[in-house]
Amino acid sequence: EAGVTQSPTHLIKTRGQQATLRCSPISGHTSVYWYQQALGLGLQFLLWYDEGEERNRGNFPPRFSGRQFPNYSSELNVNALELEDSALYLCASSPFYGYTFGSGTRLTVV
Amino acid sequence: TQLLEQSPQFLSIQEGENLTVYCNSSSVFSSLQWYRQEPGEGPVLLVTVVTGGEVKKLKRLTFQFGDARKDSSLHITAAQPGDTGLYLCAGAGSGGTSYGKLTFGQGTILTVHP
């Protein structure tokens with residue numbers, strides 16, 4: 001069984017640009033969770049999608065957005081990139097009681 | 001806002017020593033999960049504890065969930081260099097704006113020297 005896959009592995013963008021990150025959950029899992037892991041800040045909850053709908057959102061500005069497709073894969077979009085958006089962005093899918101994370105996308109904003 | 005205080009932040013010990021990592025909160029969680037993360041990888045789930053007072057053992061690792069479901073601990077017996085990594089606790093929200101999200105502690109960077 002394939003795990004959670006994320007692409008790209010690394011992404012370098014200039015301040016003010018937009019970034020698009022992609023995630024495919026484990027086959028059969030309908031939920032996708034996005035987390036930001038910035039240096040020194042731990043993992044912060046960004047977004048939860050289930051069955052194509054946004055179910056919950058963390059304390060992030062509206063320029064962080066996303067969507068979930070009919071095949072349950074998901075995109076995270078970050079507009080108007082700022083230097084402090086540099087972080088590891090992790091996607092996870094979950095049955096109950098435990099996430100399976102992907103390896104993440106390392107976003108660097110210069 | 002739910003917060004999880006994890007301590008210690010750094011732990012450097014010799015092979016064979018025992019150690020305990022703590023996670024504490026003023027909030028009640030529906031479950032508490034422990035993860036281990038290697039550099040360049042996503043966190044990997046070690047265990048989930050659900051019931052207050054629950055104790056789970058995974059080889060040399062013992063996990064405990066507090067009676068009030070507000071705190072948890074991870075105890076490693078006879079640590080080995082292969083235990084080196086970042087350990088994260090995470091609490092699952094039980095409702096309202098916390099539903100479906102995990103609140104993570106800041107993590108404990110464990111280094112076990114041979």
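Residue numbers begin at 1 in each chain, while the letters A, B, ... track the order of the sequences.
- B/Val21 and B/Ile109 fall into different hydrophobic clusters, where Ile, Leu, Val, Met, Phe, Trp and Tyr side chains are chained together by heavy-atom contacts under 4.5 Å.
- Proximity to chain B among residues 74-92 of chain A is limited to A/Leu88, A/Leu90, judged by heavy-atom separations below 4.5 angstrom.
- Within the structure, disulfide bond (SG atoms under 2.5 Å apart) contacts touching residues 5-51 of chain B (residues at least two apart or in different chains) are B/Cys23-B/Cys89.
- Residues B/Leu4 and B/Phe63 share a hydrophobic cluster, clusters being chains of Ile/Leu/Val/Met/Phe/Trp/Tyr side chains in contact below 4.5 Å.
- Residue with the most contacts toward chain A among B/Gln6, B/Gln9, B/Gln106, B/Glu41: B/Gln106 (heavy-atom pairs, distance under 4.5 Å).
- Note: the hydrophobic cluster containing B/Trp34 does not contain A/Leu43 (ILVMFWY, side chain heavy atoms under 4.5 Å, direct or indirect links).
- By number of non-hydrogen pairs under 4.5 angstrom with chain A, the leading residue of B/Gly42, B/Ser30, B/Ser31, B/Pro43 is B/Pro43.
- At distances below 3.5 Å, at least one donor-acceptor pair connects side-chain atoms of A/Tyr35 with backbone N or O atoms of B/Leu102.
- Neither the backbone nor the side chain of B/Glu38 comes within less than 4.5 Å of any heavy atom of chain A.
- For A/Gln6, no part lies under 4.5 angstrom from a heavy atom of chain B.
- Within 6.0 Å of CD in B/Glu5 there are 12 or fewer heavy atoms belonging to other residues, nucleotides or ligands.
- A/Trp34 and A/Phe45 end up in different hydrophobic clusters when Ile, Leu, Val, Met, Phe, Trp and Tyr side chains are linked at under 4.5 Å.
- Nearest heavy-atom pair, B/Tyr35 versus A/Tyr99, reported as atom, atom and distance to 0.1 Å: OH-N, 3.0 Å.
- Within the model, atoms CD of A/Gln44 and NZ of B/Lys101 stand 8.5 Å from one another, a figure rounded to the nearest 0.5 Å.
- Contact of B/Val49 with chain A is not made at all, since no heavy-atom distance falls under 4.5 Å.
- Around the CG atom of B/Leu58, the shell of radius 6.0 Å holds more than 12 heavy atoms that belong to other residues, nucleotides or ligands.
- Applying the 6.0 Å contact sphere to OH of B/Tyr22 captures no more than 12 heavy atoms from other residues, nucleotides or ligands.
- Atom CZ of A/Arg63 is surrounded by more than 12 heavy atoms from other residues, nucleotides or ligands within 6.0 Å.
- For A/Asn71, the CG atom sits in a packed shell: over 12 heavy atoms of surrounding residues, nucleotides or ligands are nearer than 6.0 Å.
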